[in-house]
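Scroll down for the structure; my scribbles are underneath it.
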Amino acid sequence: MTTREKLKRMYDLLEAAFGPQHWWPGETAFEVMVGAVLTQNTNWKNVEKAIGNLKSRGLLSPEKLHAMRVGEVASLIRPAGYYNVKAKRLKNLVDWLVDEFGGDVERMSAAGLAELREKLLAVRGVGRETGDSILLYAARKPTFVVDTYTYRVLLRHALIDESAEYDEIKEMFESDLPAEVELYGEFHALLVRVGKTYCRKIPRCEECPLDVTFEDGARPVRDI
DNA sequence: GACCAGGCACATC
DNA sequence: GATGTGCATGGT
């Protein structure tokens, strides 16, 4: 089986097992951007609480956040953890959005993928995963998102080795799949879903819908 | 009480 | 370029 065939098979099995994931959770593209920063190394449930704090006070907008002090933001996003760091990162992102695009996510999304990615990654606090999440799920650009779950699932199925890096993994998906926003978004969401549930400990891994996918694929030899 | 969760920047070598 | 460290809450 080629890598391309394995990825296709993986997608088909995940889709059959779990169905549409309706990602990214969030009512607006701006909320997606905020969530992308707040979920860094953090459980999504905690992020929901933090976003809820902003939303219930009517502060979940570029204009409102732009006008707030970092300290105020920090106190509201506490449940998301790393709140001092994330308050700065969120402000950096919002200030950038206001400066570059007048706080208009639609205008931001009109920019070209390569150019926009470069600009996003220049914002302090926006790394590759956060940037790609914003590009894919907020700006609707066909760019693949790699996260710890992606890494784990691929490692489990011997599509990468332990030393594989972000860009290498991203490139693997993008060179083997058609550049479609819906496909990329759904695939990534499904990888998170399966990774969360089955991919951590060997006993669960063996119940995974992907476990029998590849005749030449590695069975797990240890916990990740 | 330990471990984990949809990273990132920065220091140091 | 590779490796180590700080950041923090809330659920299991």
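Residue numbering restarts at 1 for every chain, and letters A, B, ... go by the order of the sequence lines.
The side chain to side chain donor-acceptor pair (under 3.5 Å) test with A:D132 is passed by exactly one of A:Y137, A:Y166, A:Y184: A:Y166.
Summarising the geometry, the separation between CG on A:N41 and P on B:dC4 is reported as 12 Å, rounded to the nearest angstrom. Atoms CG (A:N84) and C1' (C:dT9) sit 12 Å apart, rounded to a whole Å. Atom NZ of A:K88 is separated from atom P of C:dG6 by 16 Å (rounded to the nearest Å). Between A:D147 atom CG and B:dG7 atom C1' the separation is 10 Å, expressed in whole Å. Distance A:E129 CD to B:dA9 C1': 15 Å, rounded to the nearest Å. A:D167 places its CG atom 14 Å from the C1' atom of C:dG1, with the value rounded to the nearest Å. Note: OH (A:Y82) to P (B:dC10) measures 16 Å, nearest angstrom.
With both ends at atom P, the span from C:dA8 to B:dC10 equals 15 Å, rounded to whole Å.
Following chains of ILVMFWY side-chain contacts shorter than 4.5 Å, one can reach A:M68 starting from A:L38, so the two form part of one hydrophobic cluster. Linking Ile, Leu, Val, Met, Phe, Trp and Tyr whenever their side-chain heavy atoms come within less than 4.5 Å leaves A:V85 and A:V70 in two separate clusters. Grouping the Ile, Leu, Val, Met, Phe, Trp and Tyr side chains by contacts below 4.5 angstrom, directly or via other members, places A:V94 apart from A:Y82.
OP1 and OP2 of B:dA9 both lie 4.0 Å or more from every side-chain N or O belonging to A:K86. Dashed line: the shortest gap from a side-chain N or O of A:T42 to OP1 or OP2 of C:dA8 is not under 4.0 Å. At the phosphate of C:dT9, OP1 or OP2 sits under 4.0 Å from a side-chain N or O atom of A:Y83. Contact annotation: A:R152 does not reach the phosphate of B:dC4 (side-chain N/O to OP1 or OP2, under 4.0 Å). Between B:dC8 and A:T130, a contact under 4.0 Å exists linking OP1 or OP2 to a side-chain N or O.
Among C:dT9, B:dA5, C:dA8, the nucleotide with an atom closest to any side-chain atom of A:N43 is B:dA5. For A:N46, whose side chain is taken as the heavy atoms from C-beta onward, the closest listed nucleotide among B:dA9, C:dG10, C:dA2 is C:dG10. Of the candidate nucleotides B:dG7, C:dA8, C:dT9, C:dT9 has the atom lying nearest to any side-chain atom of A:R78. Listed nucleotides: B:dC10, B:dC8, C:dA8. Nearest to the side chain of A:R124: B:dC10.
Backbone-only engagement by A:E165 is indicated by non-hydrogen atom pairs under 4.0 Å involving sugar-phosphate atoms exclusively. Counting any heavy atom pair closer than 4.0 Å across all strands shown, A:V146 reaches no nucleic acid atom. At a threshold of 4.0 angstrom between heavy atoms, the contacts of A:V145 with the nucleic acid are absent.
When only modelled atom types and interatomic distance are considered, A:K170 and A:T143 share a side-chain donor-acceptor pair under 3.5 Å.
Place A:R89 and A:P79 on DNA chain C by their nearest nucleotides, and A:R89 ends up nearer the 5' end.
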From CA spacing to verdict: side-chain contact (heavy atoms from CB on, under 4.5 Å), A:L177, A:F144: CA-CA 10 Å; A:L177 300 171; A:F144 207 90; 4.3 Å; yes
